[in-house]
Each structure stands twice: as C-alpha cells, then as structure tokens.
There are 2 protein chains.
Amino acid sequence: MTTRSSAPVRQSSVRAHNLALVLNTVANSADPPSRAAVSAATGLTRATVSALVDDLIAGGLVTELDPPPRTGAGRPAAGLALTAAGPAGLGLEINVDYLAACVVDLTGAVRQRFTEHADQRPAGAAGALAALGRLGARARLAAEADGLVIAGVALAVPGLVSGDLVRVAPNLGWQNTDAAALLRGVPELADLPVAVDNEANLAALGELRVAGANPDFLYVSGEIGIGAGVVIDGELYRGVRGWSGEIGHVTVYPDGRPCRCGANGCLEQYAGQEALAADEPLAAAALGIALSAVVNLLDVPVIVLGGAFVPHFERLRDGIEAELRRRVLTAGLAPVTLRAASLGAEAAVRGAADAVIREVREDPAGWLRRTS
Amino acid sequence: MTTRSSAPVRQSSVRAHNLALVLNTVANSADPPSRAAVSAATGLTRATVSALVDDLIAGGLVTELDPPPRTGAGRPAAGLALTAAGPAGLGLEINVDYLAACVVDLTGAVRQRFTEHADQRPAGAAGALAALGRLGARARLAAEADGLVIAGVALAVPGLVSGDLVRVAPNLGWQNTDAAALLRGVPELADLPVAVDNEANLAALGELRVAGANPDFLYVSGEIGIGAGVVIDGELYRGVRGWSGEIGHVTVYPDGRPCRCGANGCLEQYAGQEALAADEPLAAAALGIALSAVVNLLDVPVIVLGGAFVPHFERLRDGIEAELRRRVLTAGLAPVTLRAASLGAEAAVRGAADAVIREVREDPAGWLRRTS
DNA sequence: CCAAATAATTCAACCACTAAACAAATCGAC
DNA sequence: GTCGATTTGTTTAGTGGTTGAATTATTTGG
C-alpha cells in the first residue's frame with residue numbers, strides 16, 4: 001500500500017496500512033501462518049496482530065482453520081487463511097471475436113468462467129456491452145450461490161482508456177465510449193463499482209498472479225493488435241494518462257510497411273496475428289528490436305510473451321534472443337529472460353477479476369467500512 | 001513520502017510522514033505561510049501543525065520570518081520559510097572533459113559552484129575521483145563558512161551504476177569502479193554519506209527543480225553519449241537495476257551504422273555530439289523515431305532536450321515533432337510537448353546536489369534524528 | 001502429573017492526532 | 001483611547017492505535 005504524500009496521516013491510516021500488511025502476509029505465506037508467525041514476519045507485536053486479525057475475521061476476509069496444523073510442544077497455533085467464501089472480483093473482457101466473464105475469490109482461485117464466441121463489431125458498443133453485462137450477471141449469480149460477494153467489476157478492453165472512457169478501440173471500431181456507464185445499464189450489475197482498463201495491462205496482472213515469483217516484467221499481449229503491460233515491483237505502470245505499453249506501434253523499420261495508424265514500420269505490421277499466422281520470417285527480428293528498445297528504456301529483466309505469441313514461442317525464441325543480446329546495452333551485465341506466458345487467452349479476464357480483489361487486499365480497511 | 005508496503009507502521013511513522021508533509025507545504029508555498037495556512041493546506045489541525053513546526057524549527061529546517069507578513073485583522077501570522085543556513089547538498093559530477101561541484105541549500109538555491117576543465121581519462125578512476133573529491137572539499141569548506149551543514153554527497157557519472165558501483169562508464173573507460181569508496185578516500189569528505197547515480201537521471205532531477213510545474217517528463221541528455229531520465233509524478237524512475245533511460249542505444253535503423261556497443265543503428269550514431277556538430281541531417285528524424293518509442297511505451301506527455309541538444313534545439317524541433325505526430329499512437333488524443341532544457345551543462349551537478357536535499361525534504365524526521 | 005514450551009489475550013503505558021476552549025495580538029468603530 | 005470583532009497560535013482533555021510485560025491457555029515430554 002502506498003500513502004499519498006500530499007495527504008495527512010492519522011492513526012486510522014496506521015491501522016489501514018497494518019491491516020493490509022497482515023492480510024498480505026497471510027495471503028503470501030506458503031502454509032497457513034499463526035498469529036505469532038504473522039507477528040514475526042511483519043515486525044508487529046503479537047498483541048497488535050491479534051487485534052488486527054480479529055478485525056479481518058469479523059470482516060470475513062480471514063478464517064481460522066479448523067484442524068489446527070500440527071506443531072511441536074506448546075499451545076497449538078490457529079492457522080490463518082484467506083476466506084474462500086468472501087469478497088470476489090468479477091472480471092469481464094470484450095474482444096473482437098469473443099466475450100468473457102470470470103470470478104476470482106480472495107485466494108485467487110477461479111470460481112466461475114463464461115465465454116461467448118461471436119463477432120462483436122456488428123452490435124456496436126452498446127449492444128456488445130449489454131451482452132457482456134448479461135454474461136457477467138450470470139457469473140455473478142452463480143458466484144453468489146457459492147456464498148461469494150462480488151466486490152466490483154473490472155473490464156478489459158483492447159484500446160486506449162481514460163478513466164471510465166474508452167477513447168479509441170480501433171479493432172472494435174469504438175470511440176469515446178463510456179463503457180462503465182453502458183455496463184452499469186445492466187440492472188444486475190448496477191450496484192457494483194466498475195473499473196475499465198486496457199486488455200494488456202490486465203493480462204499482465206493475471207500473469208503476475210499465476211507466475212507469482214517475479215514482480216518485474218513486461219507482458220506482451222498478441223491479440224489482433226499488440227499491446228504490453230509493464231509490471232514493476234508488483235505494480236502496474238500505467239503511464240501518466242494510462243496509455244503506456246503501446247509497443248505495437250513502436251517503429252521497427254522507419255521506412256517499412258504502412259500501418260493503419262498512419263505511420264510506417266510499426267511492430268504490429270511484422271509481428272501481429274496475421275504476420276504470425278503467415279509464418280512471417282521477420283517476426284522474431286522485429287520483436288527483438290522493439291523489445292530491446294523496451295529493455296534499454298525501462299530496464300525490465302524479464303519479458304513474457306502472451307496471447308497469440310504462446311503457440312509460436314519456440315519458433316520465435318532464438319531470433320528474439322539474438323536481437324536482445326545484440327541490442328540491449330546491459331545484456332552483458334545481466335541477460336534478459338524471455339519466456340512464454342503461463343496463461344493463454346484467458347489472461348485478461350483473469351487479470352481483470354484479480355484487479356478487483358487486489359484492491360480489497362491492498363485496502364482491507366476500505367472493504368471493512370463498506371460491509372459494516 | 002512513500003511507505004514501503006512490507007514494513008509495519010507505528011505512530012512514529014505518522015509523525016515522520018506529517019513532518020515531511022508540513023515541510024513540503026512550507027517549501028511549495030508561494031508566500032511564507034502561517035501555521036494556520038499550513039493547517040488549511042494539509043488538513044492537519046492547527047495544534048498538530050504547531051507541534052510539527054516546533055520540531056522543524058528546533059531542527060533548523062524551518063525559520064520564523066522576522067518581519068511578520070502584513071495581513072488584515074486579527075493576530076498577525078508568523079511567516080514560515082525554509083532555513084537557508086541549514087542542511088545543504090553537495091553535488092559532484094565527473095565527465096570526460098570536466099569536473100564539477102555544486103552546493104545547494106534547502107531552499108534550492110545554488111550556494112557554491114566549482115568547475116575544472118580537463119580530460120579526465122588519463123588520470124583513471126582513482127585519480128579523477130581524488131581530484132573531484134578535492135574540488136568537493138573546497139566547495140564544502142566555502143559552504144560551511146556560510147553556515148551550511150553538508151548533509152551528503154551525490155555523484156553524477158556518465159555510465160551504468162549499481163548502488164555505489166560504476167559497472168561501466170564507456171567514455172571514461174571505467175569498469176566496476178567503487179566510486180563512493182574512492183570519493184570517501186578524500187579525508188574532508190570521509191564523514192559524508194555518498195550516493196552514486198547516472199548523470200542523465202540526476203540532470204532530470206535538476207531540470208525538475210527549476211522547471212517545477214510539470215512533474216512528468218522525459219529528460220534527454222546529450223553529452224558524449226545520449227542518456228535519458230524518466231520523471232513520473234515528480235519521482236525518478238530508475239528501473240529495476242537502475243539502468244533505465246538508455247535511449248542512446250535504442251535501435252533507429254536496424255541495419256544502420258555500427259555502434260561501439262556492438263549493435264547497428266543506435267540513436268547515438270545519428271544524434272550524438274559528433275553527429276550534431278557535423279550538422280547531421282538525420283539527427284532530427286532519428287531522435288523523433290526513438291522518442292516516439294519512448295512515448296508509445298511510457299506515455300510521457302513532455303520531452304525535455306538537454307545538454308548538447310540545447311544549442312541545436314530550434315534546428316531539430318520541427319523534424320522531431322513531425323516524427324512524433326506520425327509515430328506516437330496517442331498523438332491525436334494529446335500532443336507531445338517538446339522543449340529545450342532550462343539548465344545547460346550544469347544540470348547534472350545541480351540535480352546531484354538537489355538529490356541530497358530532496359532526501360532531507362522527504363524524510364525530515366531522519367535528518368532530525370541525525371542531528372539531535 | 002508436572003515442568004517446559006509455545007500461542008494467544010489482557011492491561012497499563014505511551015505516542016500522536018483531534019476538537020474545543022483559551023490566550024495573544026491586531027484592526028476598526030465609536 | 002477603549003472595546004468588540006477577528007484571526008493566530010497554544011493549551012488541555014479525549015481518542016485511537018501500538019507496545020511491552022504479565023497472564024492465561026493448551027499442548028508435549030519426562
């Protein structure tokens with residue numbers, strides 16, 4: 001949790017921070033930890049941890065495990081774990097040829113998943129989002145039957161997003177669409193807070209969740225277009241206006257093929273879905289050149305290729321790595337790791353659902369206020 | 001101030017944060033504010049502000065102005081301002097053909113400046129840093145005669161830095177040099193904490209200080225090599241290992257001129273100091289292509305050209321802007337602002353000195369602990 | 001069955017902030 | 001000039017949250 005530097009801090013902020021600290025310690029422990037273990041891990045006293053855990057249990061975020069995990073001598077510890085039947089996130093995704101909905105609980109487990117394959121362009125923004133909202137409503141109903149409480153909705157869109165507004169989604173043909181408002185038009189979702197974000201950003205979060213270990217990487221999403229999400233220290237870097245990661249339009253060959261964006265030689269023309277399908281020989285080199293730029297500029301140690309790149313990964317790998325070795329200034333000091341994503345097409349929906357519960361996990365105090 | 005999410009927060013952290021909040025409010029006010037004004041600006045009560053200000057005054061960071069600023073009815077307010085005779089930062093810079101030292105006080109004013117022009121390569125790292133240390137010692141002595149207390153040293157180096165270690169400084173011919181240790185070898189500086197950072201990063205901070213208003217920009221430094229510093233929300237983005245901003249080695253023409261880094265077509269070959277001096281016609285286009293990549297990836301709204309680019313700015317401007325319009329995907333939604341730096345060659349030293357006092361301003365509690 | 005060990009809770013003390021009352025210092029009106 | 005209005009700054013009691021030490025709870029092993 002980060003505290004805005006321009007805001008005053010009171011004791012309640014201390015509690016809010018420490019609640020998050022305890023919750024995340026419970027979440028990230030390999031085995032269900034005791035209060036004493038949480039105390040040792042966080043540096044808070046056992047007294048404080050007990051008080052905080054009481055709040056978290058009362059708020060339904062943490063549960064005491066029933067069969068206390070076996071230990072040595074002494075009073076047996078009560079194992080703590082995130083509640084599976086607590087708040088959950090509803091992730092929604094719209095793309096050119098499908099709709100998807102997904103519910104993830106506090107523990108990160110996928111509890112519901114729905115998909116509908118169909119071309120979304122004819123329906124227009126209003127029609128497509130209404131259909132997606134209905135799909136989301138089904139997912140919500142099924143999740144609530146399982147005892148979950150949907151905390152919010154996050155929507156993944158293949159386009160440039162400012163707040164709730166989709167400024168441009170070229171492949172869908174959308175412009176200045178208030179996606180959150182259209183989604184809330186579906187009565188079953190009207191009561192939920194809605195966040196809209198770029199598909200690649202959310203897919204990067206999805207990958208972060210499952211790949212876990214490495215909190216610094218660039219996720220490259222190959223859909224119809226190519227986008228990227230930058231994850232630094234476990235946080236998404238969104239850019240000043242939320243338009244970061246447009247790697248698809250990084251120039252690779254200055255006088256190369258014309259792109260539909262109006263420029264020449266964009267990466268998308270050499271490594272987009274069509275180029276990949278056509279077994280384009282330049283794809284690996286083009287990716288390598290663009291990715292080298294990213295590493296030179298951002299110093300990210302790991303690159304994850306996702307979406308449509310996954311099935312082509314082995315074919316592309318050597319070519320990309322050769323360019324990285326040649327063009328990344330620091331390649332000699334520390335090699336760049338390249339790997340295929342663990343999640344396939346479902347990365348963005350999962351990441352969206354995950355983004356919702358991330359907020360609960362980062363600010364449990366806010367959730368407790370909401371529910372009390 | 002940012003609170004690490006993995007650390008517990010206690011009441012003392014609250015005080016530390018609020019001390020910084022008050023100090024920065026005083027620093028950023030146009031006119032010397034009263035305690036009441038600080039209270040209104042921060043949201044803290046007047047009682048709390050009074051207590052915090054007492055600490056800051058006792059620690060020599062803030063002073064009550066003598067002639068109380070005229071107001072209307074009511075008890076006259078005591079104006080608060082940063083102490084000019086308090087902690088100060090010592091900035092040092094080494095580059096291929098000069099050494100520089102600079103002292104900046106809490107208010108941001110330059111209090112001392114020393115420069116020595118000479119080729120630094122023959123002396124080697126130890127010799128050059130000893131000379132720089134002596135220059136710094138002179139600056140320190142002069143500053144202390146003015147009543148300043150040097151809080152620390154920051155060293156700007158044209159190369160890749162990890163912690164105190166200069167991994168590679170190609171133009172100086174350095175490799176794996178413990179610059180901080182060598183600098184502390186000068187007895188007059190041995191008691192000071194030393195930070196080492198990349199020259200472009202620190203120059204970006206220098207520019208941030210003087211240009212003030214815009215907290216999001218990319219600073220491009222044209223020295224012998226080309227580097228860049230990314231400032232987002234007033235903070236330097238250093239990358240995972242501190243190697244961000246190597247824009248000089250972004251590929252512009254994949255099969256272009258060979259670069260001394262081993263790759264082909266690096267920006268540095270088309271817009272480096274020699275290319276600029278030779279009135280290279282490709283410089284603007286090359287810069288435009290590389291900068292477009294930065295904006296597409298990072299979504300920075302402002303680009304500042306510094307160092308050797310400043311005298312050539314008007315000649316380059318149109319060419320760069322044309323490429324930005326063409327190649328930045330979001331150029332239609334929000335234009336990219338391009339401007340010349342306000343500081344010239346002294347940006348890095350000033351930024352270095354500034355980086356030291358930035359730390360004091362961001363963590364006044366730490367400074368108070370040190371001095372008490 | 002008791003000692004040792006470990007887990008969790010209780011309670012007094014402390015620290016930092018808030019809110020409200022109070023003291024200080026000026027202006028303007030009569 | 002003196003007095004009320006006004007604004008600044010301080011004082012004081014109260015509250016929320018953490019600490020540390022003492023206490024209670026529950027097990028294992030001799």
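First the proteins, then the strands, lettered A, B, ... as listed; each starts at 1. It should be emphasised that the depicted structure is a prediction, and the values quoted were computed from it without experimental measurement.
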> For the side chain of B:A47, starting at C-beta, report the closest nucleotide among C:dC17, C:dA20, C:dT10.
C:dA20
> Between C:dC22 atom P and B:R46 atom CZ, what is the distance in whole Å?
14 Å
> C:dC17 C1' sits how many Å from B:N18 CG, rounded?
8 Å
> Counting distance only, does the side-chain N/O of A:T48 pair as donor-acceptor with the main-chain N or O of A:L44 below 3.5 Å?
no
> Write down the distance between CZ (A:R75) and C1' (C:dA4), rounded to a whole number of angstrom.
16 Å
> Does the B:T63 side chain pair with the main chain of B:L65, one donor and one acceptor, at a distance under 3.5 Å?
no
> Verify the contact: side-chain N or O of A:R10 to OP1 or OP2 of C:dA16, cut-off strictly under 4.0 Å; return yes or no.
no
> Round to a whole Å and report the spacing from CG of B:L21 to P of C:dC17.
10 Å
> Between the side chain of B:D299 and the main-chain N/O of A:G242, is any donor-acceptor distance below 3.5 Å?
yes
> Tell me whether the side-chain N or O atoms of A:R35 pair up with the base of C:dA8 as donor and acceptor below 3.5 Å, since no angle test is needed here.
no
> For B:D55 and B:L19, indicate whether the former's side chain and the latter's backbone hold a donor-acceptor pair under 3.5 Å.
no
> Which residue, A:L19 or B:D54, contacts DNA chain D at a nucleotide closer to its 5' end, judged by nearest heavy atom?
B:D54
> Look up atom CZ in A:R35 and atom OG1 in A:T45, then write down how far apart they are to the nearest 0.5 Å.
13.5 Å
> Is the backbone N or O of A:E235 less than 3.5 Å from a side-chain atom of A:D233, with the two atoms forming a donor-acceptor pair by type?
no
> Assess the residue pair B:N24 and B:N28 against the criterion (side-chain hydrogen bond (donor to acceptor under 3.5 Å, both in side chains)); give the C-alpha distance rounded to whole Å, side-chain angles, the decisive distance to 0.1 Å, and a yes or no.
CA-CA 6 Å; B:N24 286 308; B:N28 299 328; 5.0 Å; no
> Of all nucleotides in DNA chain D that come within under 4.0 Å of a heavy atom of chain A, which is furthest toward the 5' end and which toward the 3' end?
D:dG16 to D:dT28
> Tell me which of A:Q11 and A:T45 sits closer to the 5' end of DNA chain D, going by the nucleotide each one is nearest to.
A:Q11
> Mind checking A:S34 for me? I need base, sugar-phosphate or nothing, with any heavy atom below 4.0 Å counting as a touch.
sugar-phosphate
> In whole Å, what is the span from the CD atom of B:E64 to the C1' atom of C:dA24?
14 Å
